[in-house]
Protein chains: 2
Amino acid sequence: MTARKLTRNQQLVLDRLADSSAALTAYDLLDRLRDEGLRAPVQVYRALEALGQQGLVHRIESLNAFVACCGHDPHAAAGFAICDNCGEVTEFAFPASEEGLKSLAGAKGFETRRMTVELHGRCATCAER
Amino acid sequence: MTARKLTRNQQLVLDRLADSSAALTAYDLLDRLRDEGLRAPVQVYRALEALGQQGLVHRIESLNAFVACCGHDPHAAAGFAICDNCGEVTEFAFPASEEGLKSLAGAKGFETRRMTVELHGRCATCAER
DNA sequence: TCACGAACGTTATATCATTACGTCCTTAAT
DNA sequence: ATTAAGGACGTAATGATATAACGTTCGTGA
Ligand SMILES: [Zn+2]
Ligand SMILES: [Zn+2]
Ligand SMILES: [Zn+2]
Ligand SMILES: [Zn+2]
């Protein structure tokens with residue numbers, strides 16, 4: 001189930017995301033794929049949907065944009081550190097905090113199915129000055 | 001700085017949010033405020049902007065919607081448990097996990113300025129069946 | 001009274017995302 | 001080989017979320 005063959009459009013979208021250290025919006029992707037023949041937003045959104053299902057891309061909710069997955073445990077949540085200066089997005093795992101958050105919510109009866117964790121700030125390079 | 005007097009539009013928006021256990025979009029709010037004379041999205045967005053500055057409302061990134069703040073420590077991050085069945089949103093603090101996340105990112109040189117933490121799942125009521 | 005800044009209202013526009021519909025292609029049963 | 005079914009596709013239209021631009025009104029204090 002994990003290793004489905006990608007369609008042409010899915011591969012094109014994934015490649016562009018993998019090439020970028022910043023998150024790209026669907027329309028950013030569309031612009032970069034005009035030369036490949038893509039014409040309409042829905043083509044990009046369909047590819048993103050399929051790639052998301054397979055865990056190959058993530059949506060960054062606070063940016064309405066997307067990144068390629070760096071390859072994490074599919075059963076664990078993904079966190080993102082987002083530099084508001086240069087745009088760089090870094091994916092990370094946070095097993096201890098993930099458990100902490102689930103427990104905290106669980107104590108009030110909440111059953112967590114997925115979580116969004118996005119840190120905004122300055123990356124190592126941009127923080128130096 | 002914390003206790004500014006609210007304008008009429010700001011108070012109207014805040015009241016509607018405070019009345020709702022679910023997050024409301026700007027357009028939800030606009031619909032509910034037509035009778036009060038509001039006509040355009042920008043009026044709602046301006047009020048939301050000002051209320052956000054004052055820490056009285058929060059944006060739920062994964063819903064493109066807004067909730068009233070339940071009154072938390074302004075220096076701490078706010079987390080949200082969102083029931084995908086009934087829409088109820090509950091704000092919570094998570095000091096231990098907050099520190100954990102900051103440290104984790106900080107270890108790689110990332111300087112965290114704000115964070116988005118949103119749990120999706122089932123509230124206590126909806127989880128029972 | 002006047003100058004200033006904050007908030008306002010109106011309109012238009014930008015940005016992000018989905019629905020609807022018909023076509024083409026692969027695959028597998030006949 | 002024929003054909004039915006499903007999946008992916010392309011095109012067009014639309015829906016949903018958010019901001020820009022502009023001039024006016026209002027409150028406040030010099
Ligand atoms: Zn990942
Ligand atoms: Zn940076
Ligand atoms: Zn709060
Ligand atoms: Zn519920």
Side-chain angles (χ1 to χ4, degrees), chain A residues 1 3-17 20 22-54 56-67 80 82 84 87 89 116 118 120, chain B residues 1-17 20 22-54 56-67 82 84 87 89 116 118 120:
Chain A
M1 55 162 171
R4 294 217 37 200
K5 182 156 179 294
L6 300 181
T7 67
R8 169 176 151 85
N9 287 358
Q10 289 163 19
Q11 191 66 58
L12 286 169
V13 166
L14 181 56
D15 288 346
R16 288 311 182 284
L17 287 176
S20 174
L24 299 177
T25 68
Y27 284 77
D28 289 338
L29 287 162
L30 180 55
D31 286 343
R32 296 174 188 212
L33 291 172
R34 299 248 179 228
D35 292 347
E36 307 291 346
L38 271 70
R39 292 274 162 282
V42 71
Q43 298 176 279
V44 174
Y45 281 107
R46 285 201 282 233
L48 287 168
E49 163 73 12
L51 292 166
Q53 297 278 350
Q54 298 175 60
L56 298 176
V57 310
H58 298 288
R59 177 182 171 80
I60 307 298
E61 300 289 355
S62 56
L63 297 176
N64 293 336
F66 302 84
V67 293
F80 302 92
I82 301 153
D84 292 326
V89 177
T116 296
E118 299 173 6
H120 282 260
Chain B
M1 57 162 170
T2 273
R4 295 220 34 199
K5 182 156 178 293
L6 300 181
T7 67
R8 169 177 150 85
N9 287 359
Q10 288 163 19
Q11 192 66 59
L12 286 169
V13 166
L14 182 56
D15 288 347
R16 288 312 181 284
L17 287 177
S20 174
L24 300 177
T25 69
Y27 285 78
D28 288 338
L29 286 162
L30 180 56
D31 286 343
R32 294 175 190 212
L33 291 171
R34 298 246 180 232
D35 292 347
E36 306 290 347
L38 270 69
R39 292 275 114 65
V42 71
Q43 298 176 278
V44 175
Y45 282 107
R46 284 203 280 235
L48 288 168
E49 164 72 12
L51 292 166
Q53 296 280 350
Q54 298 176 58
L56 298 174
V57 311
H58 298 288
R59 175 180 172 81
I60 308 297
E61 300 288 355
S62 56
L63 297 176
N64 294 335
F66 303 84
V67 294
I82 301 154
D84 293 326
V89 176
T116 296
E118 299 172 8
H120 283 260

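We name chains A, B, ... by the order of the sequence lines, and we start the count at 1 in each one.
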Item to check | Atom pair CG/CG of B:Leu48 and B:Leu29 - distance to nearest 0.5 Å | outcome: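 Taking CG in B:Leu48 and CG in B:Leu29, the distance rounds to 6.0 Å.
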Next on the checklist: For the CG atom of A:Asn9 and the CG atom of A:Leu38, what is their distance to the nearest 0.5 Å?
Outcome noted: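 The CG atom of A:Leu38 is 4.5 Å from CG of A:Asn9, to the nearest 0.5 Å.
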Could you check if a side-chain atom of [X] sits within less than 4.5 angstrom of a side-chain atom of [Y], using non-hydrogen atoms only?
X       : Y       : result
A:Ile60 : A:Phe66 : no
B:Val67 : B:Arg59 : no
B:Leu63 : A:Glu61 : no
A:Gln10 : A:Thr7  : yes
A:Thr25 : A:Asn64 : no

Item to check | Contact list for DNA chain D against residues 6-13 of chain A - heavy-atom distance below 4.0 Å | outcome: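 Correct list: A:Thr7, A:Asn9.
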Item to check | Residues touching DNA chain D, which here means a heavy atom under 4.0 Å, drawn from residues 30-50 of chain B | outcome: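 Under 4.0 Å from DNA chain D: B:Val42, B:Tyr45.
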Checklist entry - Residues two or more places apart in sequence or in another chain: which of them pass ring pair (Phe, Tyr, Trp, His ring centres under 6.0 Å) with A:His58? => result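 Ring pair (Phe, Tyr, Trp, His ring centres under 6.0 Å) list for A:His58, sorted by chain: A:His72, A:Phe80.
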Checklist entry - If every non-hydrogen atom of B:Val13 is compared with every non-hydrogen atom of B:Ala47, which pair is closest and at what distance? => result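 Looking at all heavy atoms of both residues, the shortest contact is CG2-CB, 3.7 Å.
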Item to check | Closest non-hydrogen atom pair between A:Leu56 and A:Leu14, with its separation | outcome: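 Distance-wise, the nearest heavy atoms are O-CD1, 3.9 Å.
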Next on the checklist: Can you give me the first and the last nucleotide of DNA chain D (5' to 3') that has an atom within less than 4.0 angstrom of a non-hydrogen atom in chain A?
Outcome noted: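 Range of nucleotides touched by chain A: D:dA8 to D:dA12.
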Checklist entry - Applying side-chain hydrogen bond (donor to acceptor under 3.5 Å, both in side chains), which residue pairs with at least one partner in residues 29-52 of chain B are found, sequence neighbours left out? => result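 Qualifying pairs, neighbours excluded: B:Arg16-B:Glu36, B:Glu49-B:Gln53.
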Checklist entry - Any side-chain donor-acceptor pair under 3.5 Å between B:Ser62 and B:Glu118? => result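 Yes, a side-chain donor-acceptor pair sits under 3.5 Å.
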Checklist entry - Taking 5' to 3' order, which nucleotide of DNA chain C is first and which is last to have an atom within less than 4.0 Å of a heavy atom in chain A? => result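 The footprint of chain A covers C:dC16 to C:dT19.
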